Amino acid sequence: MLIDGGTSSAISQSPYWWDARDRGQDQPLPSGAVDVAVIGSGYTGLCAALRLARAGVQVLVVEAGELGEGGSTRNGGMVSGTLKVSHPQLVKTYGKERADRIFFEAQNSVLFLEKLISENAIDCGYRRYGMYFAAYAPKHYDDLAREAEQLDALGVETRMVAKADQRRELNSDLYFGGRVTTFAGGLHPARYHAGLVRACREAGVRFVTRCRVEAMKKEAGQFTLTTAKGTVRAGRVVVATNAYTDGGLSWFKRRVIPIGSYIIATEELDPGRLRALIPGERMIQDTKRNLYYYRLSPDGRRMIFGGRTSFRPISVLESARRLRLSMAEVFPSLADVGVTHSWTGNVAFTFDSLPHLGSHEGVHYALGCCGQGVALMSHFGNCLAGDILGTGEESAFAFNPIKTVPGYTGNPWFIPVIGEYYRFLDWLDRPSRS
Ligand SMILES: Cc1cc2nc3c(=O)[nH]c(=O)nc-3n(C[C@H](O)[C@H](O)[C@H](O)COP(=O)(O)OP(=O)(O)OC[C@H]3O[C@@H](n4cnc5c(N)ncnc54)[C@H](O)[C@@H]3O)c2cc1C
């Protein structure tokens, strides 16, 4: 356990959620061909596999690590249908009609997720807790208020909270008020993932883990995947690798920008003490460009606190030290509590800050969650399956193929520079410049 800012080897360097993870068993590759090979076993891959298998398609999920090795068992478990790009920006770029379709499809991914959880009886502690966006500067409060008017016009329920009333939502003096969105929730990410794995198994999906796809080629209408365990043939392929897209999938790798995000979990604390800090148990995100995001664990006994604490790779012991200080900045009363878990994971950004789904040379893909993929990437997986099944449903996101920029090979060398610039802008926005 990490106490008083010291470091200790006893701290777990795996996600707090992993106690509930279904890692899968090591299996050989099947001989012969499969109808569909899904690369990646996160929410996207599993939701695609589940729908396909239930429609009678033979599906093989191929995973480089253990099941759910990527973001899907590492995330904060905050469920919302928001995008990084605001509705007015979408209107400016794509026109009102398409902007509305994109916006509402993202919003409705929350309903998709809720239905999926309830129909499959997935025990993942999901609740519509709501989300509180905490304003890091007075100017940010004004921005939130302006957005609230726009959201109101779109029928999305929000409520501004002045600094004087903030303690009802968030017992911290760091912020200048904020905005509540009730159409948002929280879940236990690994239990949600394990529930999807179970549903997939019951539907007949096969899994092969520790089996990185190293190359892929298409001949005579069939794909051959070269993997760490040999080759496998498939009629169709789904790429669901998000921020972990690697060398064997170079066309896709050139289109995603992986960025590390870090989280800590505190030791078990008195639930009453924690509820006094976040009385409504809402999911919290602040408005800094280099944001903090935090919540109570689903059992209400720990603070789960995350942030982009470094834009260069650092050890999770160092990120624990930094995040613990950040947590104390938000909640001085937690300055002395211990940290039991510290971990990291990659989120995938894109060059237009939107998530994408589509197909390239016959390979179906959904990539680029931009940090918010629990609901949306689950929905995208389901959409990819619909596409393969030829259901004729069309996602509003599908018109816009994922793009890259000249010279980018998948190594985001520029992120530390942008990160430091954002840190400077955040500092400028603070009135006290502390
Ligand atoms: C620290 C952190 C916090 C986050 N918090 C939130 C949050 O609170 N709310 C929210 O909505 N979103 C959050 N996200 C984002 C969310 O986790 C992702 O959007 C979501 O998990 C993406 O799911 P996925 O299935 O597309 O990708 P992943 O779950 O990342 O799965 C991709 C898989 O592909 C595998 N893979 C990669 N290459 C290959 C290959 N060549 N061969 C075989 N397998 C391969 C990887 O091993 C990995 O398991 C967070 C992410 C992180 C990292």
Side-chain angles (χ1 to χ4, degrees), residues 15 17 21 23-24 37-49 60-83 106 109-110 113 131 184-187 189-190 192-193 196 207-216 225-229 237-250 252-253 256 258-264 283-285 291 293-295 304-309 316 319 323 342-349 355-357 365-381 384:
W17 316 117
R21 180 177 165 205
R23 295 165 186 273
V38 173
I39 309 175
S41 67
Y43 305 143
T44 309
L46 295 183
C47 287
L60 176 71
V61 174
V62 187
E63 165 57 52
E66 294 179 324
L67 292 184
E69 188 81 25
S72 296
T73 59
R74 297 170 182 271
N75 63 69
M78 301 185 177
V79 172
S80 81
T82 46
L83 295 167
S109 66
V110 174
L113 177 111
M131 177 97 73
L187 49 66
Y192 169 51
H193 182 266
L196 290 175
F207 295 99
V208 181
T209 54
R210 300 172 191 273
C211 187
R212 182 175 302 282
V213 173
E214 288 156 359
M216 176 165 53
L225 307 186
T226 305
T227 79
K229 288 185 174 177
V237 173
V238 169
V239 169
T241 49
N242 204 41
Y244 292 84
T245 307
D246 56 19
L249 305 166
S250 59
F252 301 97
K253 183 177 158 86
V256 292
I259 300 182
S261 190
Y262 298 83
I263 307 187
I264 52 172
M283 309 289 113
I284 314 279
Q285 278 186 23
L291 85 170
Y293 52 95
Y294 43 97
R295 57 172 291 184
I304 308 288
F305 194 96
R308 307 226 167 95
T309 195
V316 289
S319 61
L323 283 174
S342 175
W343 69 97
T344 182
N346 287 341
V347 295
F349 277 78
H356 288 266
L357 84 169
Y365 65 85
L367 296 166
C369 70
C370 296
Q372 279 151 338
V374 175
L376 193 58
M377 298 309 279
S378 300
H379 163 70
F380 273 11
L384 290 183

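Whatever order the structure lists them in is the order used to number ligands and atoms, beginning at 1. A quick note: this is a predicted structure, and the numbers were derived from the prediction, not measured.
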- Query: Considering residues at least two apart in sequence or located in another chain, which fulfil the salt bridge (Lys or Arg N to Asp or Glu O under 4.0 Å) criterion with R21?
  - Reply: E66, E69
- Message: At under 4.0 Å between heavy atoms, is it the side chain or the backbone of N346 that contacts ligand 1, or both, or neither?
- Response: backbone
- Any idea which part of Y262 is under 4.0 Å from ligand 1, heavy-atom wise: side chain, backbone, both or neither? neither
- Query: Is R74 in polar range of ligand 1, meaning some N or O pair under 3.5 Å apart?
  - Reply: no
For [X], atoms of ligand 1 separated by under 4.0 Å from a heavy atom:
{"X": "T241", "value": "32 (C), 34 (O), 36 (N), 37 (C), 38 (N), 39 (C), 45 (C)"}
{"X": "V347", "value": "50 (C), 51 (C), 52 (C), 53 (C)"}
{"X": "V62", "value": "43 (C), 44 (N)"}
{"X": "G76", "value": "3 (C), 4 (C), 5 (N), 6 (C), 7 (C), 8 (O)"}
{"X": "G345", "value": "53 (C)"}
{"X": "N242", "value": "22 (C), 26 (O), 27 (O)"}
{"X": "I39", "value": "40 (C), 42 (N), 43 (C), 44 (N)"}

- Message: Which residue and atom name correspond to the protein heavy atom nearest atom 8 (O) of ligand 1, and how close is it?
- Response: M78 N, 3.1 Å
- Query: To the nearest 0.1 Å, how far is atom 18 (C) of ligand 1 from its closest protein heavy atom, and which atom is that?
  - Reply: C369 SG, 3.8 Å
